[in-house]
**Q** 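This is the structure I have questions about; it appears just below.
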Amino acid sequence: MSDDARLRDKLRKIEALFAGAGTEGERLAAEAALERVRARLAELGRHEKPTEFQFSVPDTWSRHLFLALCRRYGISPYRYPRQRRSTVVLRAPRGFVEGVLWPEFRELDAELRSYLQEVTLRMIREDVFADTSRSARSRCAASPCRSADAHPIV
């Protein structure tokens, strides 16, 4: 199984977990899981008044993921004039944001970051320089051109 397929499989399983899927058949039915989450959002919307939330998501990839999750559940993210690009504002029931949206985002974001880290290090190792270890500090200490103020980048 390729790295992409494994990541997609993990993302589906995490989504199913947060959507409340109980059986393997439900996990495979991602659309049914999504509908359950949307129904839960609608139910919370009837009982809870939508609250405005403001998130700061400075990482570009994480922000794209967060925006996609919001839109998947029918929530329209926005930004006020003069707000930073990293700011995401949305109106949704507090129970949904705290119980479903934010925990799901954090889990998916951790997987995405892990995957991007692996891919980046693999590409550097294969195409740029084979040594991606953190042992540069020991090599730099013996360097003859080292000044008193210089510190190795690790």
**Q** Hey, does Arg122 have a side-chain heavy atom less than 4.5 Å from the side chain of Glu118?
**A**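 No. Closest side-chain heavy atoms not under 4.5 Å.
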**Q** State the OG1-CZ distance between Thr120 and Arg125, to the nearest 0.5 angstrom.
**A**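 Separation between the atoms: 10.5 Å.
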**Q** Quick one, Glu104 and Leu69 - any side-chain contact, counting heavy atoms below 4.5 Å?
**A**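 Yes. Closest side-chain heavy atoms under 4.5 Å.
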**Q** So does Val89 get a backbone contact from the side chain of Glu52, meaning a donor-acceptor N/O pair under 3.5 Å?
**A**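 Absent.
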**Q** Roughly how far apart are Leu65 CG and Arg72 CZ, rounded to 0.5 Å?
**A**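 Rounded to the nearest 0.5 Å, the CG-CZ separation comes to 9.0 Å.
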**Q** Nearest 0.5 Å, what's the CG-CZ distance between Leu101 and Arg106?
**A**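 That separation rounds to 12.5 Å.
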**Q** Is there a side-chain contact between Asp109 and Trp61, using heavy atoms and a 4.5 Å cut-off?
**A**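 No. Closest side-chain heavy atoms not under 4.5 Å.
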**Q** I'd like to know if Arg63 and Asp59 make a salt bridge, using a cut-off of under 4.0 Å between side-chain N and carboxylate O.
**A**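 Looking at Arg63 and Asp59, the cut-off is not met.
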**Q** Taking all non-hydrogen atoms of both residues, which atom of Ser86 and which atom of Pro58 are closest, and how far apart?
**A**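 Closest pair (atom of Ser86, atom of Pro58, distance): CB-CA, 3.6 Å.
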**Q** Taking the side chain as every heavy atom from C-beta outward, state whether Arg91 and Thr51 have any atom pair closer than 4.5 Å.
**A**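 Contact flag for Arg91/Thr51 side chains = no.
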**Q** Quick one, Arg71 and Leu67 - any side-chain contact, counting heavy atoms below 4.5 Å?
**A**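 They are in contact (side-chain heavy atoms under 4.5 Å apart), so the answer is yes.
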**Q** Do the side chains of Leu90 and Val97 get nearer than 4.5 Å, heavy atoms only?
**A**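 In contact.
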**Q** Which value, rounded to the nearest 0.5 Å, describes the distance between Arg82 atom CZ and Thr87 atom OG1?
**A**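 It comes to 13.0 Å.
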**Q** Rounded to the nearest 0.5 Å, what separation is found between the CZ atom of Arg113 and the CD atom of Gln117?
**A**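 So the gap between those two atoms works out to 10.5 Å.
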**Q** Do Phe55 and Phe105 have ring centroids that are under 6.0 Å from one another?
**A**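 Not under 6.0 Å, so no.
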**Q** With a 3.5 Å cut-off and no angle check, do the side chains of Gln83 and Tyr78 form a donor-acceptor pair?
**A**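 Their side chains do not contain a donor-acceptor pair, so the 3.5 Å distance test is not met.
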**Q** Could you tell me whether Arg79 atom CZ has more than 12 heavy atoms of other residues or ligands within 6.0 Å of it?
**A**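 Yes, because the 6.0 Å sphere around CZ of Arg79 holds more than 12 heavy atoms from other groups.
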**Q** Taking the six-membered ring for Trp and the full ring for Phe, Tyr or His, determine whether the centres of Phe53 and Trp102 are under 6.0 Å apart.
**A**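 Here the rings of Trp102 and Phe53 have centres that are no less than 6.0 Å from each other.
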**Q** Whether the Tyr80 and Gln54 side chains hold a donor-acceptor pair (N or O, under 3.5 Å, no angle test) is what I'd like checked.
**A**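 On atom types as modelled, these side chains do not qualify, holding no pair under 3.5 Å.
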